Peer 1: 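Pasting in a structure now, in structure tokens, and then I'll have a few things to ask.
The structure presented is a predicted model; accordingly, all values stated were derived computationally and were not measured.
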Amino acid sequence: NDKNGVYFMFHGRIVWQKGISILIPVIKKILSKYQNVYFLVEGQGDPNYENQMKELSRDFPDRMIYFYGYNRALSRLIAAVADFALFPSFFEPCGLEDFIAQIYGTIPLAHATGGLNKIINGKTGFTYLQNTEEHLAGEIEKLISLKMNNDKSLNTIIKNACHSVKENYSWDFVSEKYLNFFTNILG
């Protein structure tokens, strides 16, 4: 309940593909360096990574909260209260959680891969190319600085992201494209 805090969230499978091997040491580094930064993590998967998440929440009580499992209402609440959503995936075929975050006004930070490439860097969120601990930590630190300095560009990104999802990925828009495609094929 720190109104001046910076809140990051991750929701998804706690597995290698999702970049958890990078995320865990970065969370530890950031929490060791900043007192007003918080991480909310929800998911389950690899027991080794789950145990590391539990350990982080014990080491940084009240600043790192790990919710084991999946609860749809809770995952939406986490997205709604966070400032930034993290997607350090090594590969991502589609990416739906970034849409959910954007609809809730949470700015995504993602490794530019697969379906996460739909995030327009600096306009609908932030992306980075090299998926390493150093790059992820550096990007998170940039976001902390933007938020702490009340950078007004974050409000613009929130609005752009929400509008982009609604305008370019809503069912009405997508279904129209499918109808046109099939109409052209079937004549």
Peer 1: Side chains of F84 and L154, heavy atoms from C-beta outward: is any pair under 4.5 Å?
Peer 2: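 Contact flag for F84/L154 side chains = yes.
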
Peer 1: In the structure I gave you, are the side-chain heavy atoms of F126 and L146 within less than 4.5 Å of one another anywhere?
Peer 2: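 Sidechains of L146 and F126: in contact.
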
Peer 1: For the side chain of R76 and the backbone of I100, is there at least one donor-acceptor N/O pair under 3.5 Å apart?
Peer 2: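 A pair under 3.5 Å: no.
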
Peer 1: What distance separates S145 OG from E141 CD, expressed to the nearest 0.5 Å?
Peer 2: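 Result: 9.5 Å between the selected atoms.
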
Peer 1: Flag the pair H11 / I78 as yes when at least one side-chain heavy-atom distance between them is below 4.5 Å, and no otherwise.
Peer 2: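 They are not in contact (no side-chain heavy atoms under 4.5 Å apart), so the answer is no.
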
Peer 1: Count the heavy atoms belonging to other residues, nucleotides or ligands that lie under 6.0 Å from CG of N149, then report whether that count exceeds 12.
Peer 2: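 Yes, CG of N149 has more than 12 neighbouring heavy atoms, counting only those of other groups under 6.0 Å.
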
Peer 1: Does any part of the side chain of Q17, heavy atoms only, come nearer than 4.5 Å to the side chain of E92, both counted from C-beta?
Peer 2: yes

Peer 1: Tell me if the aromatic rings of H111 and F91 count as close, with their centers under 6.0 Å from one another.
Peer 2: no

Peer 1: Do L56 and I24 touch side chain to side chain, with heavy atoms closer than 4.5 Å?
Peer 2: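 Yes, side chains in contact.
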
Peer 1: With side-chain contact (heavy atoms from CB on, under 4.5 Å) as the criterion, how do Y7 and M9 come out once you've worked through the C-alpha distance, each side chain's angles and the decisive distance to 0.1 Å?
Peer 2: CA-CA 7 Å; Y7 293 83; M9 60 90 58; over 6 Å; no

Peer 1: To the closest 0.5 Å, what do you measure between CD1 (I27) and CG (D59)?
Peer 2: 12.0 Å

Peer 1: Which heavy atom in R58 sits nearest to a heavy atom in P61, and how many Å separate them?
Peer 2: O-CD, 3.3 Å

Peer 1: Checking the side chain of D46 only, and the main-chain atoms of I14 only, is there a donor and an acceptor separated by less than 3.5 Å?
Peer 2: no

Peer 1: Looking only at heavy atoms, which two atoms of R63 and Y34 are closest? And how far apart?
Peer 2: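 Smallest interatomic distance, heavy atoms only, reads NH1-O, 2.6 Å.
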
Peer 1: Quick one: closest heavy-atom pair of D83 and G5, and the distance?
Peer 2: OD2-O, 3.8 Å

Peer 1: May I ask you to test the E50-Q44 pair for a side-chain heavy-atom distance under 4.5 Å?
Peer 2: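 They are in side-chain contact.
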
Peer 1: Which pair of non-hydrogen atoms, one from A112 and one from L129, has the smallest distance, and what is that distance?
Peer 2: CB-CD2, 4.0 Å

Peer 1: To the nearest 0.5 angstrom, please state how far the CG atom of D151 sits from the CG atom of L143.
Peer 2: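 One gets 10.5 Å once the value is rounded to the nearest 0.5 Å.
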
Peer 1: Between S164 and N160, is there a donor-acceptor pair closer than 3.5 Å when you use the side chain of the first and the backbone of the second?
Peer 2: no

Peer 1: Test side-chain contact (heavy atoms from CB on, under 4.5 Å) on Q102 and C162; report intermediate values, then the result.
Peer 2: CA-CA 5 Å; Q102 290 169 317; C162 188; 5.8 Å; no

Peer 1: So, Y66 side chain and G43 main chain: donor-acceptor pair closer than 3.5 Å or not?
Peer 2: yes

Peer 1: Roughly how far, to the nearest 0.5 Å, is the OG atom of S21 from the CD atom of Q52?
Peer 2: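 Answer for the CD-OG pair, Q52 versus S21, is 9.0 Å.
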
Peer 1: Does K54, at its NZ atom, have more than 12 non-hydrogen atoms belonging to other residues, nucleotides or ligands within less than 6.0 Å?
Peer 2: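 Counting other residues, nucleotides and ligands, NZ of K54 exceeds 12 neighbours.
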
Peer 1: Any Lys/Arg nitrogen of E133 or K29 sitting under 4.0 Å from an Asp/Glu carboxylate oxygen of the other?
Peer 2: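 No, no charged N to carboxylate O under 4.0 Å.
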
Peer 1: Donor-acceptor check, side chain of T124 to backbone of I120, threshold 3.5 angstrom: yes or no?
Peer 2: yes

Peer 1: Within a strict 4.5 Å, meaning less than it, do heavy atoms of the F39 and I30 side chains meet?
Peer 2: yes

Peer 1: Counting only N and O atoms by type, is there a donor-acceptor contact under 3.5 Å from the side chain of E139 to the main-chain atoms of T127?
Peer 2: no

Peer 1: Would you verify whether the NZ or CZ of K18 falls within 45 degrees of the ring axis of F10 while also being under 6.0 Å from that six-membered ring's centre?
Peer 2: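 No, cation not above the ring by the 6.0 Å, 45° rule.
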
Peer 1: Set out, in order, the CA-CA distance, both residues' side-chain angles and the distance that settles side-chain contact (heavy atoms from CB on, under 4.5 Å) for Y49 and W16, then state yes or no.
Peer 2: CA-CA 9 Å; Y49 292 139; W16 177 85; 4.0 Å; yes

Peer 1: Could you tell me whether the side chain of N131 and the main chain of P88 form a donor-acceptor pair under 3.5 Å?
Peer 2: yes

Peer 1: Check the pair Y128, L109 against side-chain contact (heavy atoms from CB on, under 4.5 Å), reporting the backbone distance first and the verdict last.
Peer 2: CA-CA 8 Å; Y128 60 97; L109 169 63; 3.8 Å; yes

Peer 1: Please name the pair of heavy atoms, one in I140 and one in F8, separated by the smallest distance, quoted to 0.1 Å.
Peer 2: CG2-CZ, 3.6 Å

Peer 1: Please confirm whether K118 makes a cation-pi placement over F99, using NZ or CZ under 6.0 Å from the six-membered ring centre and within 45° of the ring normal.
Peer 2: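 That pair qualifies as a cation-pi contact.
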
Peer 1: Which atom pair, heavy atoms only, marks the closest approach of Y104 to A80?
Peer 2: CD2-CB, 3.7 Å

Peer 1: Whether the E42 and Y68 side chains hold a donor-acceptor pair (N or O, under 3.5 Å, no angle test) is what I'd like checked.
Peer 2: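 The criterion, which ignores hydrogens and geometry beyond distance, is not satisfied for Y68 and E42.
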
